[in-house]
Amino acid sequence: TGVANLGHISECCNLGNLDISINDIGRLDPLVGLLNLTVLNVSANRITSLEPLQHLDSLVNLNVAGNLIGSMDSVKVLRSLEKFQELRLQDSVRDLTNPICSHVQYKTKCLEYLPYLRVLDGCILSGPGSELSSLCDRLDSLLQDRKLNRR
């Protein structure tokens with residue numbers, strides 16, 4: 001097992017990047033004071049809520065794939081973060097997901113709730129490369145459908 005408690009990490013107030021993936025972390029409360037945090041990777045943990053991150057105004061990139069995020073309310077709390085551009089809730093390469101990803105419209109709702117988002121689950125939503133990303137997303141969907149039909 002990995003780290004379960006983040007202890008006094010909030011004392012590292014100048015921390016910009018933090019990777020605490022593949023651990024046993026269930027709560028993000030100790031990160032509340034990390035106001036300079038721009039990149040956070042908490043993939044493959046036991047996190048159920050993103051609420052402690054709602055005031056991290058410098059946050060740009062968040063990877064929470066492979067956790068226990070189960071409702072759109074957990075995602076909605078990030079809507080006021082104007083610098084927030086990249087969110088990963090699932091990672092098909094590493095086979096990591098969240099319960100919320102099984103909802104049919106989770107991507108649409110993420111875009112609705114997070115107006116500044118440019119990249120969702122590795123797919124570029126706007127700007128340079130978005131057309132190619134959209135094409136790859138459709139191709140992945142077709143391949144998944146084909147795979148399901150063969151079973």
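Keep in mind the model is a prediction, meaning the values are calculated, not measured. What's counted below: heavy atoms across the whole structure, side chains too, no hydrogens, waters or symmetry copies.
Residues meeting the side chain to side chain contact (heavy atoms under 4.5 Å, CB included) test with Ile22, sequence neighbours left out: Ala44, Arg94. Remark: Glu51 engages no residue in a salt bridge (Lys or Arg N to Asp or Glu O under 4.0 Å) (not counting sequence neighbours). For the side chain to side chain donor-acceptor pair (under 3.5 Å) test, residues two or more places apart in sequence or in another chain that qualify with Thr38 are Asn17. For Lys83, the salt bridge (Lys or Arg N to Asp or Glu O under 4.0 Å) test picks out no residue, with sequence neighbours left out. Every side chain to side chain contact (heavy atoms under 4.5 Å, CB included) that Asp19 has, sequence neighbours left out, goes to Ser21, Asn41. In this structure Glu86 satisfies the side chain to side chain contact (heavy atoms under 4.5 Å, CB included) test together with Asn61, Val119, sequence neighbours excluded. Among residues two or more places apart in sequence or in another chain, the side chain to side chain contact (heavy atoms under 4.5 Å, CB included) test is passed with Ser74 by Ile69, Ser71. For Asp29, the salt bridge (Lys or Arg N to Asp or Glu O under 4.0 Å) partners are Arg27, not counting sequence neighbours. Residues meeting the side chain to side chain donor-acceptor pair (under 3.5 Å) test with Asn63, sequence neighbours left out: none.
Here the straight-line distance linking atom OG of Ser92 with atom CG of Asp121 works out to 8.5 Å at 0.5 Å rounding. Remark: Ser80 OG to His55 NE2 distance equals 7.0 Å, nearest 0.5 Å. Note: Asn67 CG to Ile100 CD1 = 12.0 Å, rounded to the nearest 0.5 Å. For the atom pair Leu59 CG and Leu35 CG, the distance stands at 11.0 Å (nearest 0.5 Å). One finds the CG atom of Leu34 at 10.5 Å from the CD atom of Glu11 (value rounded to the nearest 0.5 Å). Atom-to-atom distance recorded for Met72:CE and Leu114:CG is 7.0 Å, nearest 0.5 angstrom.
Here salt bridge (Lys or Arg N to Asp or Glu O under 4.0 Å) pairs that include residues 55-77, with residues two or more places apart or in two chains, are Asp73-Lys76.
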Begin from the C-alpha positions of Ile25 and Ile20 and carry the test side chain to side chain contact (heavy atoms under 4.5 Å, CB included) through to its verdict. CA-CA 8 Å; Ile25 298 165; Ile20 46 178; 3.7 Å; yes
Would you check, one step at a time, whether the test side chain to side chain contact (heavy atoms under 4.5 Å, CB included) holds for Glu112 with Gln105? CA-CA 11 Å; Glu112 181 182 324; Gln105 292 190 333; over 6 Å; no
Could you go through Asn36 and Leu15, starting from their C-alpha distance and side-chain angles, then the distance that decides it, and tell me whether this counts as side chain to side chain contact (heavy atoms under 4.5 Å, CB included)? CA-CA 6 Å; Asn36 293 312; Leu15 200 58; over 6 Å; no
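Scanning all heavy atoms of the two residues, the minimum distance from Pro30 to Ser10 falls at O-CB, 3.2 Å. Closest non-hydrogen pair, Tyr116 versus Arg79, comes out as CE1-O, 4.0 Å. Here the shortest heavy-atom pairing between Leu18 and Leu37 reads CB-CD1, 3.8 Å. Of all non-hydrogen atoms in Gln90 and Arg88, the two that sit nearest each other are O-CG, 3.2 Å. Here the closest heavy-atom approach between residue Leu125 and residue Leu117 is recorded as CD1-O, 4.0 Å. Tyr106 and Leu89 get closest at one heavy-atom pair: CE1-CD1, 3.9 Å.
With respect to Leu68, the side-chain contact (heavy atoms from CB on, under 4.5 Å) criterion is satisfied by exactly one of Thr48, Asn45, Ile47: Thr48.
Val60 and Leu78 fall into different hydrophobic clusters, defined by Ile, Leu, Val, Met, Phe, Trp and Tyr side-chain heavy atoms under 4.5 Å apart, directly or through other members. Linking Ile, Leu, Val, Met, Phe, Trp and Tyr residues whenever their side-chain heavy atoms come within less than 4.5 Å leaves Val32 and Val64 in two separate clusters. A continuous path of Ile, Leu, Val, Met, Phe, Trp and Tyr side chains, each step under 4.5 Å between heavy atoms, connects Val77 with Leu81, placing both in one hydrophobic cluster. Connection of Val39 to Leu96 is not established within any shared hydrophobic cluster, with ILVMFWY side chains joined at heavy-atom distances below 4.5 Å, either directly or through further cluster members.
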